Amino acid sequence: MNEFSKNLSLIKNTIADSELRYGRNPGSVSLLAVSKGQSIEKIKQAINAGQRSFGENYLQEALLKITALTDQTIEWHFIGAIQSNKTKKIAASFQWVQSISEFNIAKRLNDQRPSTLPPLNICLQVNLAEETNKSGITAENVFALAAECAKLPRLRLRGLMAIPAISHDFNEQRASFRQLYQLYQALCEQGLALDTLSMGMSQDMVAAIAEGTTMVRIGTALFGKR
Ligand SMILES: *Cc1c(COP(=O)(O)O)cnc(C)c1O
């Protein structure tokens, strides 16, 4: 077994154990492999180990990988900051965009999504603690943005994504994720058909599973240091 396969089975075991321990349905948490800063060779190893969903933050880097791996049935997720002059390529090259925090960007992605492709899956990025160094919309403003995005025919609003403030305390981690889960539930109660709550990374995935994540985004714990 190569290094990636070992890490992958460790992470999958952690996910399965945490689902069981915290009363989550088996298989309800999916794994996005965050491959930013990793080589095409490493992504190929990951594909050989059975991983199919990858997250990238930087468009130029991602396009090189997407082009090199066109023969594969891979689902690419854009999870980085989005500049408006990049939306056309993002709309044409990705299956998901998880980092939307402005209607202007959502509208451009909608208008630029090629008609030959199915609607682009999107998540709204929430900045819960309103940290100025992070992108994302405030909890208060997410309702209006979600309602507007849900109307765009070439996008499919799937849910929320967040990177909470870093904490090394498990209960503190859980408290942030719980607020995100409550926000997600509130949106569902408003009639939006959401199915994705993307939260939890290498350092806090167990807390996220305990609080209802449906997708953990793991980089370092899978691929090693960037
Ligand atoms: C880099 C990144 C990750 C992965 O972080 P790790 O700590 O390496 O697991 C997850 N989500 C986003 C949005 C990222 O930018």
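Just the heavy atoms: all of them, side chains too, but no hydrogens, waters or symmetry mates, feed the values below. Only a predicted model underlies this, so the values are computations on that prediction, with no experimental measurement involved. Counting convention: from 1, in listed order, for ligands and their atoms alike.
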Per-atom contacts, ligand 1 versus [X] - under 4.0 Å to a heavy atom:
{"X": "Val34", "value": "1 (C), 2 (C), 3 (C), 4 (C), 10 (C)"}
{"X": "Ile163", "value": "13 (C)"}
{"X": "Ile79", "value": "11 (N), 12 (C), 13 (C), 14 (C)"}
{"X": "Asn57", "value": "14 (C), 15 (O)"}
{"X": "Ile218", "value": "9 (O)"}

- prompt: Could you walk me through whether Phe54 and Ile74 pass the side chain to side chain contact (heavy atoms under 4.5 Å, CB included) check?
  reply: CA-CA 7 Å; Phe54 294 90; Ile74 303 173; 3.4 Å; yes

[X] side chain to [Y] main-chain N or O, any donor-acceptor pair under 3.5 Å?
{"X": "Thr214", "Y": "Ser30", "answer": "no"}
{"X": "Thr196", "Y": "Gly159", "answer": "no"}
{"X": "Arg108", "Y": "Lys88", "answer": "no"}
{"X": "Glu172", "Y": "Ser167", "answer": "no"}

message: So for atom CD1, which belongs to Ile166, do other residues, nucleotides or ligands contribute more than 12 heavy atoms lying within a distance under 6.0 Å?
response: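 Counting other residues, nucleotides and ligands, CD1 of Ile166 stays at 12 neighbours or fewer.
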
query: Does atom NZ of Lys42 have more than 12 heavy-atom neighbours, drawn from other residues, nucleotides or ligands, at distances under 6.0 Å?
result: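 Above 12, so yes.
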
query: Is the closest heavy atom of Arg226 to ligand 1 under 4.0 Å?
result: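 Yes.
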
Note the single closest protein heavy atom to [atom], along with its residue, its atom name and the distance in Å.
{"atom": "atom 10 (C) of ligand 1", "result": "Met201 SD, 3.2 Å"}
{"atom": "atom 14 (C) of ligand 1", "result": "Lys36 NZ, 3.0 Å"}
{"atom": "atom 8 (O) of ligand 1", "result": "Thr220 OG1, 2.5 Å"}
{"atom": "atom 9 (O) of ligand 1", "result": "Ser202 OG, 2.5 Å"}
{"atom": "atom 11 (N) of ligand 1", "result": "Arg217 NE, 2.9 Å"}

- request: Would you please indicate yes or no on a ring centroid separation below 6.0 angstrom for Phe94 and Trp76?
  value: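 Centroid distance Trp76-Phe94: not below 6.0 Å, so no.
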
- prompt: What do you reckon, does Gly219 have a nitrogen or oxygen under 3.5 Å from a nitrogen or oxygen of ligand 1?
  reply: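 Min N/O separation from ligand 1 is below 3.5 Å for Gly219.
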
